[in-house]
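Here the structure comes first, spelled out in structure tokens, and everything after it is commentary.
All values below were derived from every heavy atom in this structure, side-chain atoms included, with hydrogens, water molecules and symmetry-related copies excluded. Owing to the predicted nature of the structure, the values given are computational and were not obtained by experimental measurement. Position 1 is the first residue of the sequence; numbering continues from there.
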Amino acid sequence: MPVFYGTEVSSALMLGTAGYPSPAILAAAFRASGAAVATVSLRREQGAGQDFWALIRGLGVTLLPNTAGCHSVKEAVTTAHMARDLFGTSWIKLEVIGDADTLHPDVFALTEATRILTGDGFQVFPYCTEDLSVCGRLLEAGAGVLMPWGAPIGSGLGLNNRWGLRALRAQFPDVPLVVDAGIGLPSHVAQAMELGFDAVLLNTAVAQAGDPALMARAMALAAEAGAAAFRADPMAPRDMAHPSTPVLGKAFLA
């Protein structure tokens, strides 16, 4: 099971709480997914009030507040402090957006905010790209987890750069890695876990499915299958056919 900052969680699937058709459907999706971690934004909590907060507490999961919608270091740091006061946790999913259209993270501001927040006692989960240099700087700034995107938030495109994600896993074999954003299908979840990632975080693919609970269950099964496949040490791809039946013992006609 994944371990983040010394805390073991019971599932490799992390689920967001935004965009569901109703609170009841949100709760049903979480039950079906078996997700042990829920991301929640301070802005979502402020807009929904105590009923939403009571629902989230009733899920019995670990909370990972996020700084969704922040575009500067100051805004992200302030939001993180407010989230810690409200949710009572030092975990923070740190988002600092650099481009409004792609929601690409501002990696310079992200690194600086990580440095500030870790100095303030936060355990930071930075939403970043798969760039090796950026990820190295985030670790130097104090991050103990990396959350590279698969594709832009809410796009459902899957893993746009599997080579880059594989290289990231190889470069930092002992760092917990979570694919965050861009997941659209269970196959995308399985692919991420097959690469050796520790977990997958998704939201839109479940919240906007025709049957969110059924999709959440499919995502959970995909995470389990992908993780098992990685542990099984799968065969390497081959350029040529290779017979599965041995030639030894085959009858030859004269």
Side-chain angles (χ1 to χ4, degrees), residues 1-9 12-14 16 37 39 64-73 75-77 79-80 90-99 102-155 157-183 188-189 191-203 223 226-227 230:
M1 290 295 102
V3 177
F4 304 117
Y5 292 104
T7 298
E8 183 178 69
V9 298
L13 189 65
M14 306 165 76
V37 175
T39 60
L64 177 59
N66 67 45
T67 62
C70 292
H71 291 260
S72 69
V73 172
E75 189 179 13
V77 169
T79 301
S90 61
W91 280 17
I92 191 73
K93 179 192 169 188
L94 182 61
E95 296 182 27
V96 187
I97 301 303
D99 180 77
T102 64
L103 300 181
H104 193 292
D106 181 336
V107 296
F108 303 103
L110 181 67
T111 302
E112 179 60 21
T114 296
R115 192 179 311 280
I116 293 170
L117 289 173
T118 54
D120 289 341
F122 284 88
Q123 295 174 317
V124 179
F125 294 67
Y127 161 64
C128 58
T129 69
E130 71 279 10
D131 184 278
L132 295 180
S133 297
V134 169
C135 289
R137 294 295 179 87
L138 288 169
L139 295 174
E140 291 173 1
V145 178
L146 296 172
M147 303 185 80
W149 66 353
I153 293 172
S155 67
L157 292 172
L159 308 186
N160 276 354
N161 185 2
R162 293 185 65 186
W163 180 89
L165 292 171
R166 183 182 292 110
L168 182 64
R169 177 73 285 175
Q171 182 77 7
F172 303 112
D174 300 321
V175 176
L177 300 179
V178 181
V179 169
D180 174 18
I183 298 297
H188 301 154
V189 174
Q191 288 166 7
M193 299 303 294
E194 287 167 4
L195 291 175
F197 278 70
D198 298 273
V200 175
L201 172 58
L202 57 94
N203 188 164
F230 176 74

_Val175: which of Leu168, Val145, Leu139 passes side-chain contact (heavy atoms from CB on, under 4.5 Å)_ = Leu139
_Any heavy-atom pair between the side chains of His104 and Thr129 that's under 4.5 Å?_
yes
*Out of curiosity, Met147 CE to Leu138 CG, how far, rounded to the nearest 0.5 Å?*
12.5 Å
*Roughly how far, to the nearest 0.5 Å, is the CD1 atom of Ile153 from the OG1 atom of Thr102?*
9.0 Å
*side-chain contact (heavy atoms from CB on, under 4.5 Å) with Leu201: which of Ile183, Asp180, Val179?*
Asp180
_Distance check, rounded to the nearest 0.5 Å: Gln123 atom CD versus Ile92 atom CD1?_
11.5 Å
*asked:* Can you give me the closest heavy-atom contact between Tyr127 and Ala181, atom names plus distance?
replied: CE1-CB, 4.0 Å
*Any idea which heavy atoms bring Leu165 and Trp149 closest together, and the distance?*
CD2-O, 4.1 Å
_Full working for side-chain contact (heavy atoms from CB on, under 4.5 Å) between Thr7 and Trp91_ = CA-CA 11 Å; Thr7 298; Trp91 280 17; 3.9 Å; yes
*Any side-chain heavy-atom pair of Phe4 and Val178 under 4.5 Å*: yes
_With heavy-atom distances below 4.5 Å as the criterion, would you say the side chains of Thr114 and Thr118 are in contact?_
yes
*State, to 0.1 Å, how close Leu177 and Phe172 come at their nearest heavy-atom pair, and which atoms those are.*
CD1-O, 4.5 Å
*NE2/His71 to CG/Asp99 distance, rounded to the nearest 0.5 angstrom?*
9.5 Å
*asked:* Under 3.5 Å, is there a donor on one side chain and an acceptor on the other for Glu95 and Thr67?
replied: no
*List the atom of Val134, the atom of Asp131, and the distance in Å for their closest heavy-atom pair.*
N-OD1, 2.8 Å
*Can you find a heavy atom in the side chain of Pro126 that is under 4.5 Å from one in the side chain of Thr111?*
no
*Would you call Asp198-Arg169 a salt bridge at under 4.0 Å N-O?*
yes
*Mind listing the closest non-hydrogen atom pair of Cys128 and Leu110 along with its distance?*
CB-CD2, 3.9 Å
*Asn66 side chain to Ala68 backbone, donor-acceptor under 3.5 Å*: yes
*Within a strict 4.5 Å, meaning less than it, do heavy atoms of the Val37 and Leu13 side chains meet?*
no
*Gln171 side chain to Ala167 main-chain N or O, any donor-acceptor pair under 3.5 Å?*
no
*asked:* Let me confirm one number: the CD-CZ distance from Glu130 to Arg162, rounded to the nearest 0.5 Å.
replied: 13.5 Å
*Pairwise side-chain contact, Met193 with Val200, heavy-atom cut-off 4.5 Å (strictly under)*: yes
*Which pair of non-hydrogen atoms, one from Leu146 and one from Cys135, has the smallest distance, and what is that distance?*
CD1-CB, 3.6 Å
*Any donor-acceptor pair under 3.5 Å linking the side chain of Ser155 with the backbone of Ala151?*
no
*Answer yes or no: is there a side-chain heavy-atom contact under 4.5 Å between Tyr5 and Phe125?*
yes
